[in-house]
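Working notes, structure below.
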Amino acid sequence: MAEINGKPAFDKPKVELHVHLDGAIRLKTVLDVAKRRGISLPVSTEEELKELCTVHEPATLTEFLGKFSHYMHVIAGDREAIKRIAYEFVETKAKEGVIYVEARYSPHFLANKGVEPLPWDQKPGDITPDDVVDLVNQGFKEGEQAFKTKARSILCCMRHMPNWSMEVVELCKKYHKDGVVAIDLAGDESMNCESYPGHKKAFEEAVRSNVHRTVHAGEVGPASVVREAVEVLKAERIGHGYHTLEDQNLYKQLLQQNMHFEMCPVSSRLTGACEPDFTKHPLITFKKDKANYSLNTDDPTIFNSTLNSDYEVVQKCMDFTEEEFKRLNINAAKSCFLPEKERETLLNQLYEAYGMRKSTSF
């Protein structure tokens, strides 16, 4: 998506809270690693790989998730590759003007040891989910030093793999002072916690251990999934949440609670989460009601997008102003999962960059 007159829609520091590390991998890196590891791909150029991995038109969530199988087997189970994608991720975000980002991923999807079943048809190796977290942390730390953008991790439980969830929360606890700020639940929203109680147990442990919580809910699933995320899993933020509007009582309750919604406009169109016409997007209602939300890319590799293209879309199709961009980034900083002192520092950086006084209220 082109920028207007070559200038981004919002050319000031930004905060991003909902982006999947494994959905933000450079395709050139995939080709490099495949060559080094002797893995043959069905295509040989970056352009061809892009064509294979990109969702161009509105599709289903299943179709979208199928795109990961084209490249994840190349990165998973390789120490150098895992650390590299984390480092390059920070560089990419720095170029987009992001000063703080929370990247999420499933440690199990990048491991090749101690995971049942092994993902991506890998052969058993020596990289455990714990090793994955350590490698990503290393990449993020080196990226932060090089590019001055702060990156933290959110570890994902997967709805179809409840037997992984307790290990995910234990990793969150182990690394909570070393780069990991929260736990998440992602995947098929039709798999509720009643049928898959492993997630509920893991999130109860997260609450007991003061691990922050966000949950993918109301993306393609109904408002009832959002209610479950808030009431059963005690989510502090909602990933997406567009279909919350189908339950007005719940929506009003969450507005009053100042619940944060991690909105991903370009993603929501291409996964079929919302109808394709951006001028009818639920985000317009959230904006009108001065809800607490952020703008995010979700999976930029697969949507061939950048954070700037998400900003571009809402500016062009939803009448977003610079004032609203400032408001949503302040809200993103207030709702981030950093420790209080670091969060205050981040907020002060934004206030200064936006020429605002700290007491400014929207």
Side-chain angles (χ1 to χ4, degrees), residues 1-2 16 19-57 59 62-96 98 101 103-113 115 118-127 129 131-143 146-147 149 151 153 156 266-267 270-271 297-310:
M1 250 162 245
E16 187 170 13
V19 52
H20 293 259
L21 177 63
D22 44 7
I25 295 171
R26 293 178 185 174
L27 296 178
K28 183 185 182 304
T29 299
V30 174
L31 291 170
D32 286 353
V33 175
K35 189 177 176 184
R36 172 171 62 75
R37 295 182 73 187
I39 296 171
S40 66
L41 293 169
V43 294
S44 55
T45 69
E46 200 175 330
E47 206 48 51
E48 288 169 328
L49 190 58
K50 187 174 170 182
E51 191 57 40
L52 197 61
C53 296
T54 303
V55 173
H56 299 283
E57 290 301 324
T62 310
E63 209 175 316
F64 151 72
L65 292 171
K67 297 292 184 183
F68 287 88
S69 61
H70 293 309
Y71 64 85
M72 280 295 285
H73 63 290
V74 175
I75 304 298
D78 187 89
R79 291 175 192 278
E80 192 184 310
I82 294 166
K83 188 174 167 184
R84 176 175 169 178
I85 63 165
Y87 178 84
E88 290 178 347
F89 174 84
V90 183
E91 181 181 26
T92 298
K93 288 299 150 189
K95 284 177 180 168
E96 292 179 355
V98 174
V101 59
R104 59 191 72 196
Y105 63 94
S106 160
H108 294 73
F109 274 163
L110 286 163
N112 62 8
K113 183 185 177 184
V115 181
L118 272 182
W120 322 113
D121 294 323
Q122 293 180 88
K123 289 183 181 139
D126 64 351
I127 300 178
D131 293 327
V132 169
V133 178
D134 184 49
L135 288 160
V136 170
N137 286 347
Q138 286 177 41
F140 280 174
K141 278 177 195 160
E142 288 177 22
F147 309 111
T149 287
S153 298
C156 291
V266 170
S267 161
L270 292 171
T271 59
T297 52
D298 201 11
D299 296 276
T301 299
I302 293 169
F303 303 128
N304 189 28
S305 64
T306 65
L307 190 55
N308 291 329
S309 60
D310 274 278

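For the ring pair (Phe, Tyr, Trp, His ring centres under 6.0 Å) condition, the pairs that include at least one residue of residues 20-49, sequence neighbours left out, are His18-His20, His20-His216. Within the structure, no pair that satisfies the salt bridge (Lys or Arg N to Asp or Glu O under 4.0 Å) test touches residues 40-54, not counting sequence neighbours.
Shown here are the side-chain contact (heavy atoms from CB on, under 4.5 Å) partners of Asp32, two or more places apart in sequence or in another chain: Lys28, Arg84. Partners of Ala146 according to the side-chain contact (heavy atoms from CB on, under 4.5 Å) rule, which considers only residues two or more places apart in sequence or in another chain, are Tyr87. With sequence neighbours excluded, no residue forms a ring pair (Phe, Tyr, Trp, His ring centres under 6.0 Å) with Tyr105. Under the salt bridge (charged side-chain N to carboxylate O under 4.0 Å, His left out) criterion, Asp134 pairs with no residue, sequence neighbours left out. Under the rule for a side-chain contact (heavy atoms from CB on, under 4.5 Å), the partners of Leu49 that lie at least two apart in sequence or sit in another chain are Leu27, Val30, Leu31, Val43, Leu52, Cys53. Residues passing the side chain to side chain donor-acceptor pair (under 3.5 Å) test with Asp131 are Thr128, sequence neighbours excluded. Partners of Thr92 under the side-chain contact (heavy atoms from CB on, under 4.5 Å) rule, at least two apart in sequence or in another chain, are Arg26, Glu96. Judged as a ring pair (Phe, Tyr, Trp, His ring centres under 6.0 Å), and not counting sequence neighbours, the contacts of Phe109 are Trp120, Trp164. For Phe64, the ring pair (Phe, Tyr, Trp, His ring centres under 6.0 Å) test picks out Phe68, Phe303, with sequence neighbours left out. For Arg37, the salt bridge (charged side-chain N to carboxylate O under 4.0 Å, His left out) partners at least two apart in sequence or on another chain are Asp78.
Heavy atoms from other residues, nucleotides or ligands lying under 6.0 Å from CD of Glu80 number 12 at most.
The closest donor-acceptor contact from the side chain of Asp299 to the backbone of Val19 lies at 3.5 Å or more, if one exists at all. No donor-acceptor pair under 3.5 Å is formed between the side chain of Gln138 and the backbone N or O of Lys83. Listed for the Gln122 side chain is a donor-acceptor partner under 3.5 Å among the backbone atoms of Pro119. Listed for the Thr306 side chain is a donor-acceptor partner under 3.5 Å among the backbone atoms of Asn308.
The minimum heavy-atom distance linking Leu270 with His56 is given by the pair CD2-O, 3.5 Å. The shortest heavy-atom contact between Val98 and Thr149 is O-OG1, 2.8 Å. Of all the heavy atoms in Val136 and Ala86, the pair that sits closest is O-CB, 3.6 Å. Taking all atoms of both residues into account, the shortest heavy-atom contact from Pro129 to Pro107 is O-CB, 3.7 Å. Between Ser305 and Asp310, the shortest heavy-atom contact is OG-OD2, 4.4 Å. The two residues Val74 and Val33 make their nearest non-hydrogen contact at O-CG1, 3.5 Å.
A 4.5 Å side-chain heavy-atom check between His73 and Leu41 finds at least one atom pair inside the cut-off. In this structure the side chain of Met72 reaches within 4.5 angstrom of the side chain of Leu110, judged on heavy atoms. Between Thr297 and Glu16, some side-chain heavy-atom pair lies under the 4.5 Å cut-off. Ile127 is listed as a side-chain neighbour of Arg79, based on a closest heavy-atom distance under 4.5 Å.
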Please walk me through it: do Ser153 and Asn137 pass side chain to side chain contact (heavy atoms under 4.5 Å, CB included)?
CA-CA 8 Å; Ser153 298; Asn137 286 347; 4.0 Å; yes

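A side-chain contact (heavy atoms from CB on, under 4.5 Å) with Phe89 holds for exactly one of Asp22, Val101, Ile25; it is Val101.
Here the OG1-NE2 distance, from Thr301 to His70, works out to 13.0 Å after rounding to the nearest 0.5 Å.
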